[in-house]
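Along the sequence shown, residues carry numbers from 1. Nothing here was measured: the structure is a model prediction, and the numbers come from that model.
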Amino acid sequence: MKKSSTSPSAKTLKKGTGFKGTLNYVVTHWQLYVIFLLPALALTLIFRYIPMGGILIAFQDYNPIRGILGSRWVGLKYFTRFLSSPDFMTYLVNTLKLSIYGMLWGFPIPILLAFLLNRIESKGIKKKIQLVLYMPNFVSVIVLCGMVRIFLSVTGPVNLLFGSSINFMTMPEAFRTIYIASGIWQGAGWASIMYTASLSNASQDLREAAIIDGANIFQQIKTVEWPAIKDMVIIQFILQAGNIMSIGFEKAYALQTDLNLGTSEIIATYVYKKGLLDGDYSFSTAVGLFNTVINVILLVAVNKIVARMNEGKGL
């Protein structure tokens with residue numbers, strides 16, 4: 001008789017169907033999955049989890065020569081020092097204002113752009129507009145800050161346009177507007193990609209039916225398009241709200257001047273100056289750890305609040 005040419009893998013799959021078949025295959029060939037997953041797990045362990053051990057120096061009087069194991073433990077000394085600092089509230093308020101104002105003004109813009117792009121019927125025109133909107137995202141933060149400084153300098157295009165001679169970069173009251181506006185210009189177009197992709201799932205039949213029934217643009221968005229992107233909006237809102245304390249250090253530091261420190265000095269720039277410039281490693285680590293803990297608390301709190309408001313659906 002002719003022997004069957006069925007391979008061992010095929011026999012394994014035939015033992016079960018669906019989830020059971022897949023599970024049996026994975027169990028049988030577990031070595032293959034270990035080989036593929038091992039590099040990713042090793043990189044994650046080396047570059048993500050092992051460095052977390054460095055937070056121990058926040059509770060030590062850290063000495064680089066003695067190392068973490070040889071440095072003296074001081075408990076919550078540096079946390080107390082930061083919380084009792086007269087500048088603590090200034091740094092905290094500056095950080096919160098930049099983040100909250102940035103989210104209030106910047107979060108709805110990508111959603112509006114997605115709705116507008118979805119209204120463009122011509123694919124050629126739509127692609128050209130998307131190209132223009134996405135391009136700023138590929139500009140380096142440092143290059144962007146250099147451009148902002150040039151545009152807003154005393155002899156820059158803005159002053160030439162209005163016939164004035166104001167140095168906006170030295171005005172503390174102008175820093176937040178400059179920071180937030182430049183961030184919206186750079187990232188709003190790129191952030192709209194997710195919403196544009198989600199809108200592709202909106203039913204065209206429902207949209208056409210709404211148009212036939214006489215629904216205006218706002219009614220179409222409310223009944224047809226908004227349900228398609230609602231879950232994506234909620235996820236993005238939770239993530240952004242959970243990162244309120246995580247403002248990008250590079251941009252704030254690059255736009256900072258001696259005259260606008262009153263509003264531009266945030267926790268991230270303070271950590272950089274104390275840790276790398278002053279060499280106060282334990283104190284800067286304690287401040288950074290405090291910032292991270294607040295972020296985690298905000299993320300969990302916002303997720304629970306949104307879940308309650310959205311029929312139990314959260315992150």
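For the pair A252 and Y179, the tightest heavy-atom approach, listed with the atom from each and the gap, is N-CE1, 3.8 Å. The minimum heavy-atom distance linking I247 with A268 is given by the pair O-CB, 4.0 Å. Nearest heavy-atom pair, I211 versus Q220, reported as atom, atom and distance to 0.1 Å: CG1-NE2, 3.5 Å. Here the closest heavy-atom approach between residue L117 and residue S192 is recorded as CD1-OG, 4.4 Å. The shortest non-hydrogen separation linking F107 to V233 is CZ-O, 3.5 Å. Scanning both residues, G54 and T285, for their nearest heavy atoms gives O-CG2, 4.0 Å.
The backbone N or O of M169 sits less than 3.5 Å from a side-chain atom of T257, completing a donor-acceptor pair. Side-chain atoms of Q60 come within 3.5 Å of backbone N or O of I68 as a donor-acceptor pair. Panel note: side chain R149, backbone A254; a donor-acceptor pair is recorded below 3.5 Å. Under a 3.5 Å cut-off, the side chain of N63 and the backbone N or O of G70 do not form any donor-acceptor pair.
A continuous path of ILVMFWY side-chain contacts below 4.5 Å connects M232 to V302, so both sit in one hydrophobic cluster. Hydrophobic cluster membership differs between L131 and L133, with clusters built from Ile, Leu, Val, Met, Phe, Trp and Tyr side chains linked at under 4.5 angstrom. Both M89 and L96 are part of a single hydrophobic cluster, where members link through side-chain heavy atoms under 4.5 Å apart. Cluster membership for I221 and L206, using ILVMFWY side-chain heavy atoms within less than 4.5 angstrom, is not shared. Residues F151 and L160 do not share a hydrophobic cluster, clusters being chains of Ile/Leu/Val/Met/Phe/Trp/Tyr side chains in contact below 4.5 Å.
Contact of the I129 side chain with the I120 side chain is registered, since non-hydrogen atoms from C-beta on lie closer than 4.5 Å. When side chains are defined from C-beta on, I266 does not count as touching Y91, because their heavy atoms never get closer than 4.5 Å. At a threshold of 4.5 Å between non-hydrogen side-chain atoms, the residues L98 and R176 count as touching. Using a 4.5 Å heavy-atom cutoff, the side chains of Y281 and K274 are not in contact. Side-chain contact check for E265 versus T90: every heavy-atom pair is 4.5 Å or farther apart. The closest side-chain heavy-atom distance from M147 to V139 is below 4.5 Å. Considering only heavy atoms from C-beta on, N167 comes within 4.5 Å of T170 through its side chain. With a 4.5 Å cut-off on side-chain heavy atoms, V154 and I166 do not count as touching.
Note: T177 OG1 to W105 CH2 = 9.5 Å, rounded to the nearest 0.5 Å. One distance of note links OG1 of T269 with CD of E250; it measures 11.5 Å at 0.5 Å rounding. A distance of 12.0 Å separates NZ of K251 from OG of S140, quoted to the nearest 0.5 Å. The CG atom of L255 sits 6.0 Å away from the OG atom of S182 when rounded to the nearest 0.5 Å. Rounded to the nearest 0.5 Å, atoms CG (N260) and CD1 (I178) are 8.0 Å apart. The line from CG of L261 to CG of D258 is 6.0 Å long, rounded to the nearest 0.5 Å.
Heavy atoms of other residues, nucleotides or ligands lying less than 6.0 angstrom from CE of M135 number 12 at most. In this structure, K273 places its NZ atom where more than 12 heavy-atom neighbours from other residues, nucleotides or ligands lie under 6.0 Å away. Enclosure of atom OH in Y101 is not indicated, since only 12 or fewer non-hydrogen atoms of other residues, nucleotides or ligands lie within 6.0 angstrom. More than 12 heavy atoms of other residues, nucleotides or ligands sit less than 6.0 Å from atom CG of L116. Within a 6.0 Å sphere centred on CG of D213, heavy atoms belonging to other residues, nucleotides or ligands number more than 12. Shown here is L43, whose CG atom has more than 12 heavy atoms of other residues, nucleotides or ligands within 6.0 Å. For CZ of F249, the number of neighbouring non-hydrogen atoms (other residues, nucleotides, ligands) closer than 6.0 Å is greater than 12. Crowding of W73 atom CH2: a count of heavy atoms from other residues, nucleotides or ligands under 6.0 Å exceeding 12.
Between R72 and D61 there is a salt bridge, since at least one side-chain N of the basic residue sits less than 4.0 Å from a carboxylate O of the acidic one. A salt bridge between E225 and R119 is present, with a side-chain N of the basic residue lying under 4.0 Å from a carboxylate O of the acidic one. The existence of a salt bridge linking K126 and E121 is excluded, since no basic side-chain nitrogen approaches an acidic carboxylate oxygen closer than 4.0 Å.
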Report the C-alpha separation of K77 and S282 in whole Å, then their side-chain angles, then the decisive distance to 0.1 Å, and conclude whether the side-chain hydrogen bond (donor to acceptor under 3.5 Å, both in side chains) test is met. CA-CA 10 Å; K77 171 185 174 182; S282 294; over 6 Å; no
Going through the distances and angles, do W190 and F138 end up as a side-chain contact (heavy atoms from CB on, under 4.5 Å)? CA-CA 9 Å; W190 186 256; F138 299 98; 3.5 Å; yes
Trace of the side-chain contact (heavy atoms from CB on, under 4.5 Å) decision for L56 with Y62: CA-CA 9 Å; L56 292 176; Y62 179 68; over 6 Å; no
List the steps, then state whether side-chain contact (heavy atoms from CB on, under 4.5 Å) holds for Q130 with T196. CA-CA 10 Å; Q130 285 177 316; T196 304; 4.0 Å; yes
Might you work through the side-chain contact (heavy atoms from CB on, under 4.5 Å) test for Y195 and Q236, ending with a clear yes or no? CA-CA 10 Å; Y195 303 118; Q236 291 301 312; 3.4 Å; yes
Verdict with reasoning, N159 to S164, per side-chain hydrogen bond (donor to acceptor under 3.5 Å, both in side chains): CA-CA 5 Å; N159 278 306; S164 57; 2.7 Å; yes
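Residues S284 and D280 bring no donor and acceptor atom of their side chains to less than 3.5 Å of each other. No side-chain N or O of N295 forms a donor-acceptor pair with one of T292 less than 3.5 Å apart.
Ring pair H29/Y25: centre-to-centre distance below 6.0 Å. Separation of the F115 and W226 ring centroids does not fall under the 6.0 Å cut-off. In this structure, F79 has its ring center under 6.0 Å from that of F59.
Under the 6.0 Å distance and 45° angle rule, R81 counts as a cation-pi partner of F283.
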